[in-house]
Amino acid sequence: MSRAAGNTPGGEPGYAAGAGQGQAAGPGPGQAAGPEPGQTAGAGQDRISYFSLTAGGTLLALKLRDRFGGEAHLPSCYSLGCRRCRPFDSIAEALPQSFQAGETIICVMAAGIVTRLLAPHLKSKHDDPAVLVLDEEGRHVIPLLGGHAAGANAMAREIADFLGADAAITTASDVQGMTAPDELARALGAAIDDLLALRKVTALLVDGEPVCIQSACNPEVSGYSWLAPDADAREFSGRLLISYRLPGKDTEVDPGAADPGAAAAGAGPRQVTARLIPRIVTAGVGCRRGAGADSILAAIDAACLAHGIDRRAVGALASVAAKRDEAGLSEAAARLGAELIFYSAARLRELDRPGSSFVEAAVGTPAVCEPAALLGAGPEARLLAAKTAADGVTVALAAAAPKPPALPKTGAGSGGVAVVGIGAGTGPLLTAEARRAIRDADIVLGYRTYIEQVRHLFPHKEYIPGSMGAEIDRCRQARELAEAGRRVALVSSGDPGIYGMAGLMLELAGGVRVSVVPGVTAAQLAAARLGAPLMNDFVTISLSDLLTPREEVLRRVEAAAASDLVICIYNPTSKKRRPLFEAACAALLRHRSGSTPAGWVRDAGGPEETVRMCALGELAEQEVDMRTVIIIGNSQTVLAEGRMITRRGYENKTAAPERRR
């Protein structure tokens, strides 16, 4: 949290990532949490430990340590003179020790070794630290434990991006391109109210059931519908309720519900609700000298209860610097799993909150708890509970302003555009790389027909379908989304670099990172269906005159026909362009025999795929359209058992190479 002040009383503002621990998911591996340097007691950094057993593994472990920080645990024979290295004699002792200490563990060794050594020490998916394994070559990164709750999946993606490796993510929600509820909880720094309910909502999400997030501000999480606090959630099978309010105090979120786990009034089957408690409340505390932790916690509990706030939402305690040595404050913060923050008296006075001359004489500021709570909660914080006093302790509560969660990103974690070739007809022809690019995207853009070809694979993605002829606008929209930090998949039929969107997107990128993901193009698929007609040099020509003048199209056809290249024709004809197709056929016949083999494939890879062959002299009479790819053979193309084959010249080689003398 940053430490600027706001001073507006009010209700629940939303959420932001807190700093608490315990059930709450904290920062990712290697990420620091906390306020300005020197202001927080007890804040730390997740520790990363790297383990290897071999010389090759040691080199990779050290490379990762230098990039991501942490400490390398190496066999004694490899650790001599190594900075930030800890030698071990027995991996069977060293690895479980780091695991039980809650360290993030990255092992460069066989997954089986790690599994056998850690199996006796496993607790639960919400308690175990992140464990990842890599091969010595750094080609594969596998998160074994703590994929969501401990951030292992996000760490695997970071490492894979750094090494140019493949992150082998197996969790169902990630495979489907969704953010799992426990991953969202981690990003929010939120406590989970009921783990069983969270698992049920996760199962609904993965099974394709409608799940919503109901909260005071839109978290912009792909795969979920967002509902404002007063919206009707009855149409959803599952709900993630993000609130720091106590059960039964969420009536502004769930009208008519007896408790936050119940469906809205009038619903049919009972709705499954999982409650996430963002740790965004700061308790400002003032206390007499020597106040005990029990008294401080009792005062915080009383304030929370009186104002309907779940105590698990308290992620920070804040006070005046003069109380830095109070053991009761330190113990109370530790028992809450919260940050402990101190501010100078001068900083607290700046907020001009009501107080007393007695307090000012003692600590240098007339008010402590209210300004400390507001400063601790950050800019535009809201005061939830004004000062209350009991047993020598004063408490005020403030909540942070709305802020979407910092969800883990793949790759470099910044916006960019992947121009994705979805193949001819998609289905089995969608490559693994293309599938990953769509899965990892925040949003998918494309011509509406192409969008529908992939929507069923990732039904929870955000899609923006467009019309034919709007390609420039589509690329500009992709660029704008990427500039705003979104990861965009711009889908293109076949291969995006062959009559696709790759060139235009690169032209209009304007500094945005653009990658091109190849696909199986229609020419390849049509050739496979016809036989092997592209075995030697060939050329592709589009007969569309939408972007290329008619005269230029015919000039290219004439030149290709004269060259004796095999010719692959895209976009041969439409209702308005039949004369251009007939003119192209006439040009071909001026240079090639009418008996030259030709073949065409319509709707290649699609449900209505049609494959036909004919002689070139009959081509102009065929019923072809824009969804047809035509391949015209050359002087070396023959028909053999109903297949087109273009000879490469192997038959002209001598039967046996001349022996060297």
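- Taken from CG in Leu276 to CD1 in Ile242, the straight-line distance is 5.5 Å, to the nearest 0.5 Å.
- Between the side chain of Arg239 and the backbone N or O of Val201, no donor-acceptor pair lies under 3.5 Å.
- Applying the salt bridge (Lys or Arg N to Asp or Glu O under 4.0 Å) test to every pair with at least one member in residues 540-550, sequence neighbours left out, gives no pairs at all.
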Can you give each donor-acceptor pair under 3.5 Å made by side-chain atoms of residues 530-543, sequence neighbours left out, with the distance rounded to 0.1 Å?
unit_1	atom_1	unit_2	atom_2	d
Thr540	OG1	Tyr499	OH	3.3
Ser542	OG	Ser544	N	3.2
Ser542	OG	Asn571	ND2	2.9

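- No donor-acceptor pair under 3.5 Å is formed between the side chain of Ser492 and the backbone N or O of Leu490.
- Applying the side chain to side chain donor-acceptor pair (under 3.5 Å) test to Asn634 and every residue at least two apart in sequence or in another chain returns Thr637.
- Sequence neighbours left out, the pairs with a member in residues 519-534 that pass side chain to side chain donor-acceptor pair (under 3.5 Å) are Thr521-Tyr570, Arg529-Glu609.
- The ring-ring contact (aromatic ring centres under 6.0 Å, His included) test applied to Tyr463 returns no partner, not counting sequence neighbours.
- Scored by the side chain to side chain donor-acceptor pair (under 3.5 Å) test, Ser515 finds no partners at all (sequence neighbours excluded).
- Residue pairs meeting the salt bridge (Lys or Arg N to Asp or Glu O under 4.0 Å) criterion with at least one member in residues 629-642, sequence neighbours excluded, do not occur.
- A donor-acceptor contact shorter than 3.5 Å is absent between the side chain of Gln477 and the backbone of Cys475.
- Contacts of Arg555 classified as salt bridge (Lys or Arg N to Asp or Glu O under 4.0 Å), with partners at least two apart in sequence or in another chain: Glu552.
- Residue pairs meeting the salt bridge (Lys or Arg N to Asp or Glu O under 4.0 Å) criterion with at least one partner in residues 614-628, sequence neighbours excluded, are Arg602-Asp625, Asp603-Arg627.
- Listed by chain and residue number, nothing satisfies the salt bridge (Lys or Arg N to Asp or Glu O under 4.0 Å) test with Arg643 (two or more places apart in sequence, or in another chain).
- Once rounded to the nearest 0.5 Å, the distance linking CG of Asp564 with NE2 of His591 reads 11.5 Å.
- Legend: residues meeting ring-ring contact (aromatic ring centres under 6.0 Å, His included) with Phe236, ordered by chain and number and at least two apart, are absent.
- Cation-pi contact between Arg65 and Tyr50: absent, since separation from the ring centre below 6.0 Å together with deviation from the ring axis within 45° is not met.
- Under the salt bridge (Lys or Arg N to Asp or Glu O under 4.0 Å) criterion, Glu452 pairs with Arg455, sequence neighbours left out.
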